[in-house]
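Structure first, commentary second.
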Amino acid sequence: MDRKRIAGDTRPPVPDYTTIDLTARHSQNHTPWSFSAAIRNLLNAAVLEPSLFSASGQMVPNDLPMAPRSFWLQATYTR
């Protein structure tokens, strides 16, 4: 993505990253139930976004970490 830092911020560039997200869903027409499972950031990539910076010093000491690997389960009942 080649995300640039703001002018005057001399810290090294924020590294690019790739995340893999997967979702599986199951539903049938004859039942009111549906189910899904998801995993975000499957490989638990180190995902960082550039933090704010000021000439007098960093406003946020490090780059902002984004969500690590997470799992989601969902069951839905529809009348």
Side-chain angles (χ1 to χ4, degrees):
M1 293 179 65
D2 295 327
R3 289 163 293 145
K4 307 285 186 216
R5 295 197 183 271
I6 63 172
D9 189 340
T10 58
R11 295 178 292 169
V14 177
D16 291 340
Y17 60 85
T18 299
T19 61
I20 299 172
D21 302 334
L22 300 172
T23 301
R25 299 183 197 286
H26 175 74
S27 63
Q28 294 178 326
N29 291 336
H30 66 275
T31 179
W33 286 98
S34 64
F35 302 93
S36 64
I39 183 168
R40 304 283 184 255
N41 196 1
L42 175 67
L43 302 177
N44 204 25
V47 179
L48 300 171
E49 289 296 324
S51 62
L52 299 175
F53 178 83
S54 71
S56 62
Q58 296 175 358
M59 296 174 70
V60 176
N62 296 307
D63 292 314
L64 304 171
M66 303 308 286
R69 180 185 307 131
S70 60
F71 302 91
W72 299 86
L73 297 174
Q74 180 178 9
T76 305
Y77 180 84
T78 305
R79 289 181 154 207

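Only a predicted model underlies this, so the values are computations on that prediction, with no experimental measurement involved. If you read the sequence from its start, that first residue is 1, and numbering goes on from there.
Residues Leu64 and Pro50 come closest through the heavy atom pair CD1-O, 4.0 Å. Across all non-hydrogen atoms, the minimal contact from Thr19 to Ala45 is CG2-CB, 4.5 Å.
Separating the OG1 atom in Thr18 from the CG atom in Asn41 is a distance of 10.0 Å, to the nearest 0.5 Å. Once rounded to the nearest 0.5 Å, the distance linking CG of Leu43 with OH of Tyr17 reads 14.5 Å. Interatomic distance, Ser34 OG to Asn29 CG, rounded to the nearest 0.5 Å: 11.5 Å. In this structure, the separation between CG on Leu22 and CZ on Phe71 is 10.5 Å, given to the nearest 0.5 Å. We find the CZ-OG distance between Phe35 and Ser27 to be 10.0 Å, quoted to the nearest 0.5 Å.
More than 12 heavy atoms of other residues, nucleotides or ligands shown are found within 6.0 angstrom of CZ on Arg69.
Between the side chains of Arg5 and Ser51, no donor N or O sits under 3.5 Å from an acceptor N or O.
Leu73 and Ile39 end up in different hydrophobic clusters when Ile, Leu, Val, Met, Phe, Trp and Tyr side chains are linked at under 4.5 Å.
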In sequence, state the C-alpha distance, the side-chain angles, and the governing distance for Arg11 and Asp63, and then conclude on side-chain contact (heavy atoms from CB on, under 4.5 Å).
-> CA-CA 10 Å; Arg11 295 178 292 169; Asp63 292 314; 3.8 Å; yes
